[in-house]
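First the structure, in the form of structure tokens, and then the observations on it.
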Amino acid sequence: MEIVFALAVGILAGSGIYLLLRPRTFQVIMGLSLLAYSVNLFIFAMGRLRMGAAPIIDPARGSDPALYADPVPQALVLTAIVISFATTALFLVVLLASRGLNGTDHVDGREPDQE
Amino acid sequence: MNGWLQHLPILPVLLPLCTGALLLLSSETQRISRATISICATIAQLTVALVLLVMADGHMAAPWPGEVGVYALGNWAAPFGIVLVVDRLAAIMLALTSTLGLATLIYSLAHWKRAGIHFLPLFQLLLMGLNGAFLTGDLFNLFVFFEVLLAASYGLALHGSGAARVTAGMHYIAVNLVASLLFLIAAALIYGVTGTLNMAELAQRAATLGEEDRILFNLGAMLLGIVFLVKAGAWPLNFWLPDAYGAAAPPVAGIFAILTKVGIYALLRFAVLLEDAGTPAPFGGDWLFYCGLATIATGTLGVLAAQKLDRLAGFLVIVSSGILLAAFGFSGTSLTGPALYYLVSSVLASGAFFLLIEMAERNRTAAADMLSITLEAFGLQDKHESEHPDEMAGVAIPAAMAFLGLAFFSCALLLTGLPPLSGFVGKFALLAAAFSAPPEASIQQAAMFAIALLLSGLAGMIALSRLGIRVFWDTERPAPRLQWIEAGPVAALILLCTLLSLGTEPAMSYFNAAAQSLHDAPAYVGSVLPATTVKGAP
């Protein structure tokens with residue numbers, strides 16, 4: 001499981017960074033989203049990967065921490081998802097505004113050959 | 001009474017939050033009541049910050065024992081709940097934020113708040129993020145407050161719209177989104193290794209890590225440092241800064257003058273706390289010193305190359321960031337106090353400068369594009385009707401040019417560090433401390449620091465006088481019309497700097513005390529986690 005998880009995080013992050021460095025705004029926003037996904041998965045993994053362990057204490061199973069997954073990273077992921085969702089939406093608006101004002105989707109607001 | 005006083009540290013976060021929400025609900029057409037609410041809220045924040053400033057120094061009975069005030073949110077004890085921590089440094093930064101906030105807010109009421117929508121709520125949320133970032137004692141909470149202030153700053157950077165702003169704003173947002181993702185990776189790594197997000201407990205755990213964990217921890221700390229350096233505008237992570245600051249509306253650029261200092265504050269706070277853990281690279285030592293020097297160098301080159309006042313101001317912000325980074329990277333802790341003095345003076349001066357340049361450039365040909373931007377925001381209106389109605393009706397100060405010239409001259413003195421104003425005192429104190437630092441600091445380092453400081457001052461003087469001549473000795477234009485609420489904040493900020501230089505002795509002793517209590521990490525840890533025994537590794 002660790003290998004698959006690590007590969008998923010790595011591939012998402014790699015594709016995200018590649019897209020982030022591309023010159024078109026749509027590629028940049030896709031890159032940012034992929035990077036945010038990989039970061040969210042990474043935060044999740046920092047609570048150690050556990051199968052079949054809930055993060056909430058179940059009265060039937062007792063309160064031994066070894067029986068449960070770490071709830072803190074899950075709470076952090078939730079916050080991170082909300083924040084990255086909101087900032088991506090904001091960035092999308094800026095991207096559209098830039099396209100409308102400059103007439104191009106290049107990140108510099110002008111095509112590289114038209115000085 | 002005392003029961004209420006103990007809730008004082010949460011007010012700098014709660015007040016702007018509630019005000020921002022309230023302003024969002026009220027209609028944009030109720031101009032006077034909205035302006036009154038914002039100003040009252042900001043004055044209340046300033047009052048709270050000043051009370052905290054006095055309390056942190058022990059002049060007023062504080063509701064907490066000891067020097068460091070700890071406020072546990074929801075009354076959950078430290079390692080489990082989130083805490084806010086007030087010490088002298090945090091109180092200084094709070095007071096600085098609300099002072100600058102009040103000045104830029106009043107300035108913006110003249111007409112800038114109407115160049116787009118939601119200026120006032122976003123402004124309050126920006127203040128909330130700033131205050132929270134200075135107060136929090138929790139790593140993830142710091143991330144959240146960073147996001148709050150960044151989200152508000154994205155909106156403000158785009159305030160007034162226009163192609164230049166949107167392009168610069170897009171770069172600013174992209175860079176900061178990447179930095180936020182790095183912050184998340186860093187926070188997750190640090191949590192994964194130490195099992196805590198509380199900054200005080202982090203300091204304890206970091207000192208007792210095993211060999212294998214230490215590598216991961218240092219990686220996390222390194223990423224965290226990079227994030228703070230991006231925010232601080234350190235070379236080579238600062239190319240977004242002059243564009244974003246130059247393109248932003250003047251009152252926004254004015255409050256942005258303090259944004260870079262948030263990064264520096266966080267860097268400083270963590271550097272002290274992680275000292276026991278052997279201070280990972282980006283937080284201190286030679287590495288930070290040379291990074292600071294490189295920042296000063298790029299800032300200086302930019303200052304010399306700048307053709308417009310707003311870009312010049314952006315590069316001056318970079319220079320001041322560089323000076324602070326170099327000062328904190330300097331071996332020994334004797335530079336921290338003077339550096340804080342310099343920080344306060346440079347933030348006030350660059351805030352005033354950002355406000356000033358818009359007034360000075362008004363009525364020049366370059367101001368025409370500013371006007372067209374405002375027109376765009378108003379929609380397609382007849383040009384003659386929408387030309388800043390207030391400006392036409394406002395009282396024209398007869399000596400407008402004289403005021404602008406004097407203010408520009410004072411700002412130039414402050415920003416380049418020439419006597420007699422506080423910029424000079426700050427730089428002089430830095431140099432004096434650098435040369436009298438304990439022997440482990442090489443004289444070579446002190447000399448390099450001195451050269452960088454003086455050269456950057458010289459370059460600033462050259463650039464400011466060159467551009468100043470172009471702006472003020474231009475006979476081709478009518479004198480700009482100013483309103484009192486525009487001129488007042490600039491005058492007040494410069495007056496504050498003058499007061500700071502007149503009251504150098506008490507101010508400097510306060511800053512030195514702040515530096516001393518900052519560097520006393522055990523006291524910080526002890527206050528946040530009273531009587532803790534390290535409860536085993538995670």
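First the proteins, then the strands, lettered A, B, ... as listed; each starts at 1.
- Judged purely by distance below 3.5 Å, without hydrogens or angles, the side chains of Thr167(B) and Asn102(A) pair a donor atom with an acceptor atom.
- Applying the 6.0 Å contact sphere to CG of Leu7(A) captures more than 12 heavy atoms from other residues, nucleotides or ligands.
- Residues His106(A) and Met170(B) approach most closely at O-CE, 4.5 Å, considering heavy atoms.
- Residue contact with chain B, scored on non-hydrogen atoms closer than 4.5 Å, is absent for Ser38(A).
- Most heavy-atom pairs under 4.5 Å with chain B: of the set Leu95(A), Thr25(A), Asp70(A), Thr88(A), this distinction falls to Asp70(A).
- For a residue to count as touching a neighbouring chain, one of its non-hydrogen atoms must lie under 4.5 Å from one of that chain's; by this rule Leu181(B) touches chain A with backbone and side chain alike.
- Both the backbone and the side chain of Asp108(A) come within less than 4.5 Å of a heavy atom in chain B.
- Both the backbone and the side chain of Leu35(A) come within contact range of chain B, each with at least one heavy atom under 4.5 Å from a heavy atom of that chain.
- For chain A, the nearby parts of Leu189(B) are the backbone and the side chain; heavy atoms of each come within less than 4.5 Å.
- No more than 12 heavy atoms of other residues, nucleotides or ligands sit less than 6.0 Å from atom CG of Asn75(B).
- For chain B, the nearby part of Thr79(A) is the side chain; its heavy atoms alone come within less than 4.5 Å.
- Interface residue Leu20(A): only side-chain heavy atoms are found under 4.5 Å from chain B.
- Residues Ile83(A) and Glu147(B) approach most closely at CG2-OE1, 3.3 Å, considering heavy atoms.
- Annotation: Phe44(A), atom CZ; neighbour count of heavy atoms from other residues, nucleotides and ligands within 6.0 Å does not exceed 12.
- Proximity to chain B involves both the backbone and the side chain of Ile43(A), based on heavy atoms less than 4.5 angstrom apart.
- Scanning both residues, Met46(A) and Ala188(B), for their nearest heavy atoms gives CG-O, 3.2 Å.
- Applying the 6.0 Å contact sphere to CZ of Phe26(A) captures no more than 12 heavy atoms from other residues, nucleotides or ligands.
- Here the straight-line distance linking atom OG of Ser84(A) with atom CG of Leu184(B) works out to 8.0 Å at 0.5 Å rounding.
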